[in-house]
Protein chains: 2
Amino acid sequence: MAIHQDSHLVPHDCVDCPIRHRAVCALCESDELSKLEQIKYYRSYQAGQTIIWSGDRMDFVASVVTGIATLTQTMEDGRRQMVGLLLPSDFVGRPGRSTAAYDVTATTDLVMCCFRKKPFEELMSATPHIAQRLLEMTLDELDAAREWMLLLGRKTAREKIASLLAIIARRDASLKSPRSNKGSVIFDLPLTREEMADYLGLTLETVSRQMSALKKDGVIELEGKRHVIVPSINSLMEETGDDTDGGFLV
Amino acid sequence: MAIHQDSHLVPHDCVDCPIRHRAVCALCESDELSKLEQIKYYRSYQAGQTIIWSGDRMDFVASVVTGIATLTQTMEDGRRQMVGLLLPSDFVGRPGRSTAAYDVTATTDLVMCCFRKKPFEELMSATPHIAQRLLEMTLDELDAAREWMLLLGRKTAREKIASLLAIIARRDASLKSPRSNKGSVIFDLPLTREEMADYLGLTLETVSRQMSALKKDGVIELEGKRHVIVPSINSLMEETGDDTDGGFLV
DNA sequence: TTCCCCGGTTGATCTGCATCAAGGCAGATC
DNA sequence: GATCTGCCTTGATGCAGATCAACCGGGGAA
């Protein structure tokens, strides 16, 4: 049980055993582990490679081991909206549906741990833990999507940028060692300006301008284009428009 | 099994027995039905009444029997974004979380069928069908949320309005008897202009203007402010910006 | 070295939607 | 019937962010 807790809190510690990922870590406690081992396989992708096109047949579910992938929707005239950002330990795929609803793209080099859908579904029926764990994860994703909807519908460009930086900082921090002290955070942006724009419902020019503005105002510092230093998380949070309490340190 | 299928396709036929709702209809096949019967209770709310405030303790899960409820998020300065629209048979609540993340409001008179959370969770552990069914429903909601994100991030005001009308027309049609012929659809808007604005990330003035524009262009007809006649679903769909194929008639 | 290409920045201008403001209409209350 | 109130419409104006365009700088290839 302690192991399970650990793997939940520190998923990067078990990249060599993706089965213990958040995705299916309930299994760590079950004797079905060996069965799951039998149906898993790995795939790796290069940065920029499209993993699945919307509408494609998709006969597996998977968990991200290392790297970053995105889910995007595209309109006929080319307008794009990112609708999901998959970091290590995130799950992708839909038991019970055979075609993909979104384009899935590797934005960095990526390793995924896949399970063929059919046997995975069978295992899911046989192992109630898995469905419950997946339900929990899906509900978390739904919460994230709804937060994202507030961002897209009501926030200003500056608030959107600040929110995205805060999200990345938080997720990044949770992958890393003990919290850096004094409320300052350093990380590398895993997204291009254009990808940030697709995330935020903006244009890349607006993203660039607002990044410059936040820099000018001392909310962030930039080394090169990707390396971000946040001197004070609190100042950044104030820019997001979110409730400040109950936020970052949870 | 036939009963289960029917209740899935025609949820309004079993409003007197919400247990057969989509929400938990997997139970129709199980012998746990009587147990579920024991822990359910009904609550009704008046139009405009707030059911739960964000952050409140929420010790039940529920299924909408009749009426419409909304989930909204509010920023400190009052900006509001609707993040969920609950129609009959929709499920609300989160096994495994004790406080509500959003304001839940009845926009019409509303009846909900509730289950106290604790016993519901116990039943869920004992009855794998339920978790799987909830997982399916949650995944559907996640898909809807992502569609909604595309709308919020990338669509024009006119496309947003057309999309909302199409969504309501579709959901309304699925509750009603055989499909009206010739591609024309008639329904009553269940939302005020302001609620539509909160759904779409617009202001109520813009909603009003775009409704007028769609009317002037013959895409819709209005009788009063709420009664909508769509002479041609296809013309409406063309205004949404969505892929036209694989849409309305599925 | 030179060139090119890609990702990023910055400037000038345009425009779609927000904002501010003034009614209109229908149903409720007295 | 008079008034009020909630919901909606329409007009005038302003502005945030989109669009169009020029340019920068670093890294890889020839």
Can you say whether a donor on the side chain of A:Arg209 sits under 3.5 Å from an acceptor on the base of C:dG11, or the other way round?
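Result: at least one qualifying N/O pair found.
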(message) Base of D:dC20, side chain of A:Glu205 - is there a donor-acceptor contact under 3.5 Å?
(response)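 Answer yes: a donor N or O sits under 3.5 Å from an acceptor.
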query = If you measure from the Lys or Arg side-chain nitrogens to the Asp or Glu carboxylate oxygens, is any gap between A:Arg80 and A:Glu194 under 4.0 Å?
reply =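 Here A:Arg80 does not pair with A:Glu194 in a salt bridge, since their nearest N and O are not under 4.0 Å apart.
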Distance check needed: [N] [atom2] versus [X] [atom1], whole Å only.
| X | N | atom1 | atom2 | answer |
| --- | --- | --- | --- | --- |
| B:Glu194 | D:dG6 | CD | P | 12 Å |
| A:Lys225 | C:dC6 | NZ | C1' | 11 Å |
| A:Leu204 | C:dT9 | CG | P | 9 Å |
| B:Arg226 | D:dC7 | CZ | P | 8 Å |
| B:Ile161 | D:dC8 | CD1 | C1' | 13 Å |
| B:Arg80 | C:dA18 | CZ | P | 16 Å |
| A:Arg193 | C:dT10 | CZ | C1' | 13 Å |
| A:Leu200 | D:dA18 | CG | P | 10 Å |

Among D:dA18, C:dG8, C:dT9, the one nearest any side-chain atom of A:Ser208 is C:dT9
Among C:dC17, C:dT9, D:dT9, the one nearest any side-chain atom of B:Ser212 is D:dT9
Q. Counting just side-chain N and O atoms, does A:Thr206 come under 4.0 Å of either OP1 or OP2 of D:dA18?
A. yes
| message | Please determine whether a side-chain nitrogen or oxygen atom of A:Thr203 lies at a distance below 4.0 Å from atom OP1 or OP2 of D:dA18. | response | yes
Within a radius of less than 6.0 Å around CZ of B:Arg43, do more than 12 heavy atoms belonging to other residues, nucleotides or ligands occur?
no
Judged by each residue's nearest nucleotide on DNA chain C, which is more toward the 5′ side, A:Val207 or A:Arg154?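 Checking each residue's closest nucleotide, the 5'-ward one belongs to A:Val207.
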Q) Which part of the nucleic acid does B:Gly48 contact within heavy-atom distance under 4.0 Å: base, sugar-phosphate only, or nothing? A)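 Here B:Gly48 touches no strand at all.
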task: Answer yes or no: is there a side-chain heavy-atom contact under 4.5 Å between A:Glu239 and A:Asp217?
output: no
> Quick one: are B:Leu189 and B:Leu165 in side-chain contact, heavy atoms under 4.5 Å?
Replying inline: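 The answer is yes, as the side chains (C-beta and beyond) meet within the 4.5 Å cut-off.
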Which word best sums up how the rings of A:Tyr199 and A:Trp148 line up, parallel for under 30°, tilted for 30 to 60°, or perpendicular for over 60°?
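A:Tyr199 and A:Trp148: parallel rings.
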Paired to D:dC4 by Watson-Crick or G-U wobble criteria (both distances under 3.5 Å) is C:dG27
